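What you see is a predicted model, and the numbers here were worked out from it, not measured in a lab. Read the numbers this way: they start at 1 and go in the same order the structure lists the ligands and their atoms. Below, each value reflects all heavy atoms present in this structure, side chains not excepted, and no hydrogens, waters or symmetry copies.
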Amino acid sequence: MKVAWAGSREAFQVSDRMAKLVANDPVFEKFSKPMLGRKELFKNTLRKAAYAWKLINDLRLTEEEAKWLRHYIDEPNYTDLHWEMFVPAIEGQGTKEQKKKWLPLAQTMQIIGTYAQTELGHGSNVQGLETTATFDRQTDEFVMHSPTLTSSKWWPGGMAKVATHAIVYARLIIDGLFHGVHGFIVQLRSLEDHSPLPGLTLGDIGMKFGHGTYNTMDNGVLRFDHVRIPRNQMLMRVSQVTKEGKYAQSDVPRQLLYGTMVSVRQTIVADASKALSRAVCIATRYSVVRRQFGSRNGGPETQVIDYKTQQSRLFPLLASAYAFRFVGEWLKSLYIDVKQRLEANDFSTLPETHACTAGLKALTTAATADGIEECRKLCGGHGYLISSGLPELFAFYVPACSYEGENVVMMLQVARFLVKTVSNLGYKQPVGTAAYLGRVTPLLQNNCAVQTAEDWLNPDAILEAFEARAARMVIGCGERLAMFENPEEGFAELSIDLVEASLAHCQLITVSVFIQKLNHEIPGNGVKRSLEVLCYVYALFLLHKHQGDFLATGYLTPKQASLANEQLRTLYSKVRPNAIAFVDSFNHMDHYLCSVLGRYDGNVYPKLYEAAWKDPLNDSDIVDGIQQYVQPILKQKLHYAKL
Ligand SMILES: CCCCCCCC/C=C\CCCCCCC/C=C/C(=O)SCCNC(=O)CCNC(=O)[C@H](O)C(C)(C)COP(=O)(O)OP(=O)(O)OC[C@H]1O[C@@H](n2cnc3c(N)ncnc32)[C@H](O)[C@@H]1OP(=O)(O)O
Ligand SMILES: Cc1cc2nc3c(=O)[nH]c(=O)nc-3n(C[C@H](O)[C@H](O)[C@H](O)COP(=O)(O)OP(=O)(O)OC[C@H]3O[C@@H](n4cnc5c(N)ncnc54)[C@H](O)[C@@H]3O)c2cc1C
């Protein structure tokens, strides 16, 4: 199962080696992080990042190994933006000459970059950005300027204190004409003494949610006061500006300007299963250790994992972690394929890839963030302790619902893709993830054939149910949209339904990828049978949660919906004996989990007790402030008993 989770034996070995490297090195200790102040916390992160870079070079780690190393260090920092956004932006949007100049500098970290798109006034609406890049023909330069307060760049990670360079998105202006938003490589700091270059105002935007998690990142603010950069620092794969000031667009579609976001959204989907599996591992192990009620004749109480209600909250999350792992793997292969096509100037699959990355990013991050919080509740009161590992994991993860495309905004992008697909149905056969929309007639006409709970243990029945629900919701939206004279007005009016239809479409993708995975790639019958159980749990849990959709579209009868729920209960009993094995298969080490409740050895209570004594408040019996503020209250003799 560890191999099935990792994707291959080799993938397992690489990640396992890197997990151990990090866990066994005292530099990467992280348990004390929540006790540090912001400055200490930040310096500590800089120290770890520098040491990691040294390890990467000394040990000659491959790109894959380096990624795992950074992952297990488990602290967001400036290198995330450098490797995941700055470098890919140059790779995807730079010309050959630009790549030749900038990539070697970035890949050896002689320069450190960030991705400066969002502003104080605009994040989602990229076309609304206000920073200007005005071409000056006399000097062959662009003048970068922040004309308003709301045009201040706001959020870019690593920008406040570390990055030497940024890809800055700004409105291109030539001779007073606006030519859309483009990316520019801008140097921010001196490579000699790290001071901000003239004309730039740079700073940190302040503390973020949670203490020891995202505050290791220096998210920054940046303002330009007429800062000049050479013309050849505009990323020019998509559009070019000549020294005469002529604006030209190559036959590469404009959407490629958004390519870095497609790349990172894909990574975010691939990473969702890491965060969810981490929370599920903690909650499952603790649910086996924790006992409440049910003691008979002085025997042990019931392990909380044996309560059906606990199972009904925990096991769907376990199944979701596996579903997200597989859909992440699948999306990565879709992305690699589109990347190769784009390099060969084949842009045909870009719209579908954009819809998949946007929609699955929204689906997986929302479910993961909610899932981590549910795992915290599944651990009862102790889940609220920092030492459970869950509050910090939640604080770290939850911004994924907003960054890289706010989730609802992303679902609306999926909706645009679906509406377009439906409106083209007469003359363009949908393919890939939308192929089912080419079979609307049977999907709209045939209803579910399930008659017993057993009938739900059938991948074809499940797939058809999810296809019929999504098709009926998408087609329904299409029909209602057609009644509006102005399509944009209609889209806005129906946006709630469109987001729900998009979610149905994305859930269909996750369910069908899970089923495909079982059909083709699982080594070993035991592993395959166990994963089949999780696949059914995932699908039937979604069906139960969204049964309103399945009923309202008329595909299911109430009886069939209740048979699905009955089957789900039976499936939970099948998951229970393997629950610990399922979570051990994630191969998460104690160092990575950083949780007393999720310890591999289950030695929870003595370690919880021990961890409590490490709190700085327990350094002495009488702490600072008691004499000054508590003793006087105790000693005063007030006339009235109550204030
Ligand atoms: C403990 C365990 C691990 C935890 C893991 C945590 C996760 C970490 C994972 C990975 C590490 C990565 C490190 C990164 C850390 C995060 C840092 C965050 C960075 C950022 O947030 S950067 C800023 C991101 N900003 C956005 O995403 C903005 C969102 N807005 C947009 O994308 C767009 O503006 C828009 C799509 C909403 C609208 O675009 P626009 O106004 O231009 O107009 P449209 O008319 O709608 O679109 C035009 C046209 O283009 C198509 N389109 C849009 N986007 C794309 C795209 N990306 N690719 C291809 N095509 C695109 C759109 O569909 C339209 O097409 P049609 O004209 O309809 O054909
Ligand atoms: C931790 C973190 C790190 C970040 N790192 C970076 C970075 O490195 N570089 C960078 O450039 N940016 C970064 N960002 C910024 C991030 O990309 C934006 O915050 C994100 O894209 C969301 O945009 P917004 O803040 O403008 O949200 P808004 O769009 O203002 O969202 C507010 C609300 O409005 C709703 N809404 C907006 N538009 C619509 C619409 N059309 N229809 C319906 N509802 C709508 C949303 O659903 C949401 O509920 C980061 C953000 C965070 C939280």
Quiz item: Looking only at protein heavy atoms, which one is nearest to atom 28 (C) of ligand 1, and how far off is it?
Solution: Gly123 O, 3.6 Å

Quiz prompt | Proximal atoms of ligand 1 relative to Ala275 (non-hydrogen, under 4.0 Å) | solution = 2 (C)

Quiz prompt | Taking atom 58 (N) of ligand 1 as the reference point, the nearest protein heavy atom with its distance | solution = Val262 CG2, 3.4 Å

Quiz prompt | Residue Tyr384 excluded, over 12 heavy atoms near OH under 6.0 Å | solution = no

Quiz item: Taking only heavy atoms of Val126, which atoms of ligand 1 are found under 4.0 Å from at least one of them?
Solution: 28 (C), 30 (N), 31 (C), 33 (C), 34 (O)

Quiz item: Would you say Lys420 touches ligand 1, if touching means a heavy atom closer than 4.0 Å?
Solution: yes

Quiz item: Mind checking what makes side chain to side chain donor-acceptor pair (under 3.5 Å) contact with Arg285, not counting sequence neighbours?
Solution: Asp584

Self-check item: Shortest reach to atom 32 (O) of ligand 1 by a heavy atom, considering only Met217, His354, Arg265
Solution: Arg265

Practice problem: Using side chain to side chain donor-acceptor pair (under 3.5 Å) as the criterion, list what pairs up with Gln127, not counting sequence neighbours. | Solution: Tyr258

Exercise. Can you label the angle between the His71 ring and the Tyr592 ring as parallel, tilted or perpendicular, going by 30° and 60°?
Key: tilted

Put together the list of close N/O pairs, under 3.5 Å, between ligand 2 and the protein, could you?
from	atom 1	to	atom 2	distance (Å)
ligand 2	8 (O)	Gly157	N	3.1
ligand 2	9 (N)	Tyr115	O	2.9
ligand 2	11 (O)	Tyr115	O	3.4
ligand 2	11 (O)	Gln117	N	3.0
ligand 2	11 (O)	Thr118	N	2.8
ligand 2	11 (O)	Thr118	OG1	3.1
ligand 2	12 (N)	Thr118	OG1	2.7
ligand 2	23 (O)	Ser124	N	3.4
ligand 2	23 (O)	Ser124	OG	3.4
ligand 2	26 (O)	Gly123	N	3.1
ligand 2	26 (O)	Ser124	N	3.2
ligand 2	29 (O)	Ser124	OG	2.5
ligand 2	47 (O)	Glu406	OE1	2.5
ligand 2	47 (O)	Glu406	OE2	3.4

Self-check item: From the candidates Thr118, Val409, Leu81, Leu256, the one that places a heavy atom nearest atom 17 (C) of ligand 1
Solution: Leu81

Quiz item: Are more than 12 heavy atoms from other residues, nucleotides or ligands located less than 6.0 Å from atom CD of Glu493?
Solution: no

Exercise. Mark whether atom 47 (O) of ligand 1 lies under 4.0 angstrom from at least one protein heavy atom.
Key: no

Practice problem: Using a strict 4.0 Å cut-off to heavy atoms of Thr267, name the atoms of ligand 1 that fall inside it. | Solution: 10 (C)

Quiz item: What protein heavy atom sits nearest atom 26 (C) of ligand 1, and how far away is it?
Solution: Met261 SD, 3.3 Å

Practice problem: Closest by any non-hydrogen atom to atom 25 (N) of ligand 1: pick that one out of His71, Met85, Glu392, Gln117. | Solution: Gln117

Practice problem: With sequence neighbours left out, write down each residue that passes side chain to side chain donor-acceptor pair (under 3.5 Å) with Glu29, or none if nothing qualifies. | Solution: Ser32

Practice problem: Assess the pair Tyr322 and Phe586: is the distance between their ring centroids shorter than 6.0 Å? | Solution: yes

Quiz item: Tell me: protein heavy atom nearest atom 15 (C) of ligand 1, and distance?
Solution: Tyr214 OH, 3.9 Å

Practice problem: Check the angle between the aromatic planes of Tyr169 and Tyr115 and answer parallel, tilted or perpendicular using the 30° and 60° thresholds. | Solution: tilted

Quiz item: Just checking, any donor-acceptor pair under 3.5 angstrom between side chains of Ser239 and Tyr247?
Solution: yes

Practice problem: Look at atom CG of Leu177 and say whether more than 12 heavy atoms of other residues, nucleotides or ligands are closer to it than 6.0 Å. | Solution: yes

Self-check item: Within-cut-off N or O pair, Gln413 and ligand 1, under 3.5 Å
Solution: yes

Quiz item: For ligand 1, which atoms sit closer than 4.0 Å to a heavy atom of Arg278?
Solution: 1 (C)

Quiz item: For ligand 1, which atoms, with element, lie under 4.0 Å from some heavy atom of Tyr115?
Solution: 22 (S)

Quiz item: Near Tyr592, which atoms of ligand 1 are under 4.0 Å from a heavy atom of that residue?
Solution: 1 (C), 2 (C)

